[in-house]
Amino acid sequence: MPGLAESWTVSPDVLVYTFKLFPKITFHDGKPLTSEDVVFTVIKVLTDTRARGTLLRIDKAEAPDPLTVVFTLKAPFAPFPNPFDCTTAPIVPKHIYGNTDFRKNPANAQAIGCGPFKLKEWVKGSRVHLFKHEGYYRAGEPPIDEIFYRVIPDAASRSVALEQGTVQLTQWTDVELFDGARLMVLPFSVQFNWLPAFGYVTIGVQQTAMARALDIGKHLLLPGLSLAAVYLAIYARLMRSSLIEVMHQDFIKTARAKGLKQGRIILRHVLRNAILPVVTVAGMQAGALVGGAVVVETVFAWPGLGRLIYDSVLQRDYPVMLGIFLVMSVIVVVLNFVTDVIYRMVDPRVTTNAS
C-alpha cells in the first residue's frame, strides 16, 4: 500500500479488510496481476516467511473478483495493515510459484515481480543491474532507465565510493557514523559552499548580535542534520504505524460522518493523537543526544558536552566530569518536564488530577 491498492476499507467490527487493486498491473513477464496472486502470496508464501505474527491472524482470504482482495481476521488487530508494504509483502506470481516449492523455484534467480524495474543482471557478491519496466501501470514512471546496485562489504570502501562518485546514493547505516557526518561536508561545504564546514562561529569577523546568532545557526546546521539523520528513520516508521492505527479509530469515522474535510481531520484529530508515541521516544532520546554526540562534535570541531566529557575522561579531570554529569542530569530532568508539558498541549485528556 499504496503501490498496488488504490483503496481499502475496514468493516465496523474491524474484522474484514477489503482492498481494491489498481487495474492493468502486470508482472515483468507480461501476465496480469490479480487478486488471486495477492491471496496466494499472503497465505502460501508470506505466512511461511515473514510477518507471521500479523498474517497468521487471518481467518480467511478471498478474491471475489480480479481486483478485490478480502481478508477476514480471527479477532480485531489494529496493526494488521502494517506489513502490506513493498519490502515486507512483495507480491509473487501465482502462475509461476503455484503448486511448487517457492524456495527452490528456478524463477527465484529471475526475480519476476510487478515493480517499476526489471532484473537484467545479478552477479552475486558484486552488482545488481535493473532496467525500466516498460509495462508499468503508472504512465511516465519510472523517470530513470536503469539502476546499478553495487555490493561493497566494507564500510570504509563505501565511503570512498561515495567520495569518488562511483556511488551516488546510499542509506545512512551503510557508512560509519563519523563518515556520514564527514561526507555531509562534501556537497554542502566543499562543492556548493552553502554552509561552513566546521567550527561554531566565523573567526576574525566583527559581527552584530543578530549576525553572530545567524552565523552560529549556520555552523549548527550540519552537526544538527548529522545527529537528526540517525533518528529520523525511527521517528518516521513510528509515526507511520501510529497514523495507521489512529486512522481506524471510531472517533475518526465519526469525524468523517460529520462531513469534516480530510485535511482538517488529519491536522486536528489524527496528528495530535498519533504524535504521542513520537514525543515519548524523542523525550527519552533527547538526553542521549546531549552527551552522545562525541563523534559529530569531533568531525565538525564543535565544542560540546560530549567532546568535553570525553577529553575529561582521558585526562582524568574528575571535577570537570562531576560538573558535566550534574549539568547533564539537570538537562535530562528539564527535557522530561518539557515532554510532559508537550503531552498536555497535544492531548488535553492528559491531566495532573488523580481523578
Side-chain angles (χ1 to χ4, degrees), residues 155-156 159 171-185 188-189 195-204 207 209-210 212-239 242 275-347 350-354:
S159 300
Q171 62 182 10
W172 187 262
T173 54
D174 285 341
V175 297
E176 299 291 350
L177 177 60
F178 55 86
D179 271 335
R182 180 177 59 84
L183 290 170
M184 288 188 69
V185 176
F188 295 107
S189 301
L195 297 171
F198 58 87
Y200 79 101
V201 70
T202 303
I203 300 175
Q207 296 174 326
M210 180 59 68
R212 184 177 177 83
L214 292 175
D215 187 48
I216 294 175
K218 288 179 62 177
H219 283 79
L220 185 60
L221 276 177
L222 281 181
L225 288 174
S226 300
L227 288 173
V230 178
Y231 300 99
L232 187 60
I234 300 174
Y235 295 154
R237 185 79 175 182
L238 184 62
M239 190 67 185
S242 186
I275 203 172
L276 289 177
V278 179
V279 173
T280 302
V281 176
M284 293 187 297
Q285 293 179 337
L289 281 177
V290 175
V294 181
V295 173
V296 173
E297 291 172 0
T298 302
V299 170
F300 292 101
W302 183 272
L305 287 178
R307 180 61 187 270
L308 181 59
I309 193 172
Y310 177 73
D311 292 339
S312 301
V313 170
L314 293 181
Q315 299 172 12
R316 297 187 179 183
D317 193 342
Y318 299 113
V320 174
M321 291 171 57
L322 291 175
I324 294 174
F325 289 146
L326 177 61
V327 171
M328 292 177 62
S329 300
V330 172
I331 292 175
V332 170
V333 171
V334 171
L335 289 174
N336 278 275
F337 175 75
V338 172
T339 302
D340 290 338
V341 173
I342 294 176
Y343 278 154
R344 184 67 179 86
M345 295 171 58
V346 173
D347 190 352
V350 179
T351 179
T352 57
N353 296 330

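Residues satisfying the side chain to side chain donor-acceptor pair (under 3.5 Å) criterion with D311, sequence neighbours excluded, are R307. With sequence neighbours excluded, no residue forms a side chain to side chain contact (heavy atoms under 4.5 Å, CB included) with S329. With sequence neighbours excluded, the residues that form a side chain to side chain contact (heavy atoms under 4.5 Å, CB included) with N336 are V332. Applying the side chain to side chain donor-acceptor pair (under 3.5 Å) test to Y235 and every residue at least two apart in sequence or in another chain returns Q285. Every side chain to side chain contact (heavy atoms under 4.5 Å, CB included) that V334 has, sequence neighbours left out, goes to V330, V338. In this structure, the side chain to side chain contact (heavy atoms under 4.5 Å, CB included) partners of F337, at least two apart in sequence or on a different chain, are V341. With sequence neighbours excluded, no residue forms a side chain to side chain donor-acceptor pair (under 3.5 Å) with T339.
Distance check: T280 OG1 to I275 CD1 gives 10.5 Å after rounding to the nearest 0.5 Å. A distance of 11.5 Å separates CG in L220 from CG in D215, rounded to the nearest 0.5 Å. Remark: Y310 OH to M321 CE distance equals 13.0 Å, nearest 0.5 Å. Here CG of D317 is found 11.0 Å from CD1 of I309. Values are rounded to the nearest 0.5 Å.
Scanning all heavy atoms of the two residues, the minimum distance from Q207 to R212 falls at OE1-CA, 3.4 Å.
Annotation: side chain of I324 is in contact with side chain of S312 (closest heavy-atom distance under 4.5 Å).
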